[in-house]
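A short write-up of the structure that comes next.
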Amino acid sequence: MSHSPRTFTTGLPAVADLRSRLDAALGDAARTWLDQAVTAAAASRSSDTPTPAAPVQTAPVRAVPAQTAPAQAAPTQAPSAQATSAEATSARARAADHLPAPGPTPTWELRFAEAGRRCGPEHADTARLVLLHAARADTATLARLYEQGTATERRAVLAALPHLVPGPDALPLVEDALRTNDTRLVAVALGPYAAEHLAPHDWRHAVLKCLFTGVPVDAVASLAHRARADTELARMLGDYAAERTAAGRTVPGDLYRVLALTDPPTATDAHAPATTGPGDRAASPDHPAAADPDHPSATSPGRSAAPAPFAPPSTSTGEDQEY
């Protein structure tokens with residue numbers, strides 16, 4: 001299955017619109033703080049160009065008249081190992097004196113970290129997106145903020161990717177988030193950026209991880225588009241359902257929703273009632289979904305059961321109160 005490039009981010013809200021809504025929701029103090037933070041972020045763009053290093057000054061070479069070497073030259077003595085080591089240590093020390101010291105953290109990055117405390121947890125993601133956009137954060141900056149950030153800061157970086165990174169350069173961040181058992185990170189990692197750039201094999205496994213960890217498949221951006229006529233995804237879903245059934249475990253109701261999307265559309269689909277699974281048994285939490293013995297994709301004979309591709313999810317990341 002293939003998908004057309006640059007088709008999944010066209011519906012993104014403009015950052016200017018997000019800023020307008022944020023300003024309307026914030027109080028005076030938070031709005032003032034955000035104005036100052038955005039100004040600092042925008043100013044950082046003009047200081048991103050590195051200052052060219054000064055040329056290395058070397059002493060001029062003086063011409064020395066050639067002299068005829070004497071017939072019996074005095075024997076030269078090779079330097080001792082101790083002397084060579086001492087000279088090397090001295091040279092390294094002199095070089096270290098000229099290395100630039102690590103610079104201070106830019107002001108806007110400090111504001112990025114404290115956005116939850118200043119704007120409230122409900123507005124922190126949007127405030128951080130606005131700051132990243134104002135700073136025109138490149139992939140290296142996003143990777144650094146992601147690596148050093150808390151779970152909430154990482155989610156903000158992932159949410160900003162479709163606004164800031166036009167190509168697949170930031171996929172390692174998405175892939176890292178999908179390796180975690182933090183369901184909040186997994187959900188945001190499968191937004192428009194992953195829909196556009198994640199390879200089919202990795203995307204299919206990410207969909208299965210949602211089913212395995214309980215992340216609603218509604219979080220998967222462009223699910224219907226990417227799942228359409230994907231026979232390999234249908235096979236994986238069938239194997240997963242068969243494995244769950246053989247182990248006496250319930251089949252997630254979302255599995256049947258995704259499985260239906262893998263079928264090519266037909267003329268009767270527009271008139272068929274929407275269901276979440278065979279017989280609508282997965283619609284109610286009081287009636288957990290079970291594999292339908294008549295469903296060809298879930299119980300086809302001769303289909304081998306595949307091991308669960310992901311580790312069991314953790315119920316808490318310990319950062320529920322972190323902004």
Side-chain angles (χ1 to χ4, degrees), residues 3-49 105-146 148-171 173-174 177 184-185 187-198 218-223 225-226 322-323:
H3 58 275
S4 302
R6 305 303 298 172
T7 57
F8 303 129
T9 58
T10 54
L12 285 174
V15 176
D17 293 338
L18 294 175
R19 173 67 191 277
S20 298
R21 298 175 202 170
L22 185 60
D23 284 341
L26 295 177
D28 292 340
R31 195 181 306 113
T32 299
W33 174 88
L34 183 61
D35 288 339
Q36 295 172 348
V38 168
T39 299
S44 70
R45 285 183 281 169
S46 61
S47 59
D48 285 343
T49 304
T105 302
T107 300
W108 77 269
E109 293 188 21
L110 299 176
R111 302 294 179 263
F112 177 86
E114 65 180 11
R117 180 165 55 87
R118 295 288 190 168
C119 300
E122 68 275 19
H123 302 303
D125 285 353
T126 305
R128 288 176 173 134
L129 170 59
V130 169
L131 289 180
L132 291 172
H133 189 267
R136 296 294 190 270
D138 57 15
T139 304
T141 300
L142 293 169
R144 184 178 69 255
L145 291 174
Y146 179 91
Q148 299 175 354
T150 62
T152 53
E153 292 166 24
R154 290 185 172 195
R155 292 203 308 272
V157 169
L158 292 169
L161 294 182
H163 294 274
L164 296 173
V165 185
D169 295 347
L171 271 180
L173 306 184
V174 174
R184 302 169 300 175
L185 275 180
V188 72
L190 287 172
Y193 187 82
E196 185 168 336
H197 298 294
L198 201 61
D218 291 334
V220 182
S222 302
L223 174 65
H225 186 100
R226 289 206 61 169
E322 176 237 335
Y323 303 151

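Only this structure's heavy atoms are used, side chains among them; waters, hydrogens and symmetry mates stay out. The first residue in the sequence is number 1, and the count goes up from there.
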Spacing of OG1 belonging to Thr150 relative to CZ belonging to Arg155, to within rounding of 0.5 Å:
8.0 Å

From Asp17 CG over to Leu12 CG, what is the distance, rounded to the nearest 0.5 angstrom?
11.5 Å

CD/Glu196 to CG/Leu161 distance, rounded to the nearest 0.5 angstrom?
11.5 Å

Under 3.5 Å donor-acceptor, Arg226 side chain and Ala195 backbone:
yes

Residue pair Ala151 / Leu185: nearest heavy atoms and the distance that separates them
O-CD2, 4.1 Å

Please find the pair of heavy atoms, one from Val174 and one from Ala194, that lie closest to each other, and give the distance.
CG1-CB, 4.1 Å

In the structure I gave you, are the side-chain heavy atoms of Leu34 and Asp23 within less than 4.5 Å of one another anywhere?
yes

Can you give me the closest heavy-atom contact between Thr152 and Asp125, atom names plus distance?
O-OD1, 4.0 Å

Name all residues meeting the salt bridge (Lys or Arg N to Asp or Glu O under 4.0 Å) criterion together with Arg21; count only those two or more places apart in sequence or in a different chain, and write none if there are none.
none

Do Thr32 and Asp35 meet the criterion of a side-chain donor-acceptor pair at a distance under 3.5 Å?
no

OG1/Thr39 to CZ/Arg111 distance, rounded to the nearest 0.5 angstrom?
11.0 Å

Between the side chain of Ser44 and the main-chain N/O of Ala41, is any donor-acceptor distance below 3.5 Å?
yes

Where Phe112 and Ala156 come nearest, the two heavy atoms and their spacing:
CZ-CB, 4.3 Å

Is there a side-chain contact between Thr126 and Arg19 in this structure, where contact means two heavy atoms from C-beta onward sitting under 4.5 Å apart?
no

Distance-only, no hydrogens or angles: does the Arg128 side chain make a donor-acceptor pair with backbone N or O of Ala113 under 3.5 Å?
yes

Holding to salt bridge (Lys or Arg N to Asp or Glu O under 4.0 Å), I want the full list of residues that pass it with Asp169, two or more places apart in sequence or in another chain.
none

Kindly compute the distance separating CG (Leu164) from CG (Asp138), expressed to the nearest 0.5 Å.
9.5 Å

Passing candidate, side-chain contact (heavy atoms from CB on, under 4.5 Å) with Glu109, options Leu132, Thr141, Leu131:
Thr141

Hey, can you tell me if His197 and Tyr193 have their rings parallel, tilted or perpendicular (30° and 60° cut-offs)?
tilted

Looking only at heavy atoms, the pair that brings Ala177 and Ala189 closest together is CB-CB, 3.7 Å

Where Trp33 and Cys119 come nearest, the two heavy atoms and their spacing:
CZ3-SG, 3.6 Å

Would you check if the side chain of Arg45 reaches a backbone N or O of Ala134 as a donor-acceptor pair within less than 3.5 Å?
yes

For atom CG of Asp28, is the number of surrounding heavy atoms from other residues, nucleotides or ligands below 6.0 Å larger than 12?
no

For the backbone of Leu26 and the side chain of Arg31, can you confirm whether one donor and one acceptor N or O come within less than 3.5 Å of each other?
yes

Taking it one step at a time, do Tyr146 and Glu153 satisfy side chain to side chain contact (heavy atoms under 4.5 Å, CB included)?
CA-CA 7 Å; Tyr146 179 91; Glu153 292 166 24; over 6 Å; no

Which value, rounded to the nearest 0.5 Å, describes the distance between Leu190 atom CG and Leu223 atom CG?
9.5 Å

